[in-house]
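Since the model is a prediction, treat every value here as computed from it, not as a measurement. Values below: every heavy atom of this structure, side chains too, minus hydrogens, waters and symmetry copies.
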Amino acid sequence: MRGLLTVPSPAQDLVGAWRLHPQVAVRPEPFGALLYHFGTRKLSFLKNRTIVAIVQSLGEYPDLRSACRAAAIDATQEAPYLHALGVLIDSNILVPEGDA
């Protein structure tokens, strides 16, 4: 199980482009957002607005780290954000650009 990783695994390729799965709905909330995957029926919580902004902007950047940098997250602060993105990848909430 990759959900325990602190960053996405090399197989997930930090260089590759990612996006929300087309069957995922984002509902903004005061604490961050709820993500619901209609295909898997999985509900995920994003616990701050910064990670919500990163997830919603992934399609604009060539990789996960670039999306973090655009949200003013530098290399010393990125580990929890990359972990959260890795969990979303493991949950099929985020998929490689070009995948269904």
If you round to the nearest 0.5 Å, how far is [atom2] of [Y] from [atom1] of [X]?
| X | Y | atom1 | atom2 | result |
| --- | --- | --- | --- | --- |
| Ile54 | Asn48 | CD1 | CG | 8.0 Å |
| Phe45 | Arg27 | CZ | CZ | 9.0 Å |
| Asp63 | Leu58 | CG | CG | 10.0 Å |
| Lys42 | Leu88 | NZ | CG | 9.0 Å |
| Leu46 | Leu35 | CG | CG | 4.0 Å |
| Arg19 | Gln56 | CZ | CD | 15.0 Å |

Taking a hydrophobic cluster as the set of Ile, Leu, Val, Met, Phe, Trp and Tyr residues connected by side-chain heavy atoms closer than 4.5 Å, whether directly or through intermediates, do [X] and [Y] fall within one such cluster?
| X | Y | answer |
| --- | --- | --- |
| Val95 | Tyr61 | no |
| Leu43 | Val87 | no |
| Tyr36 | Leu94 | no |

What heavy-atom pair brings [X] and [Y] nearest, and what distance separates the two atoms?
| X | Y | result |
| --- | --- | --- |
| Ala67 | Ser57 | CB-OG, 4.4 Å |
| His37 | Gly39 | ND1-N, 3.0 Å |
| Val24 | Ile93 | CG2-O, 3.8 Å |
| Val52 | Gly32 | CG2-C, 3.5 Å |

Under the 3.5 angstrom rule, does the side chain of Arg49 hit a backbone N or O of Pro30 as a donor-acceptor pair?
->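 Present.
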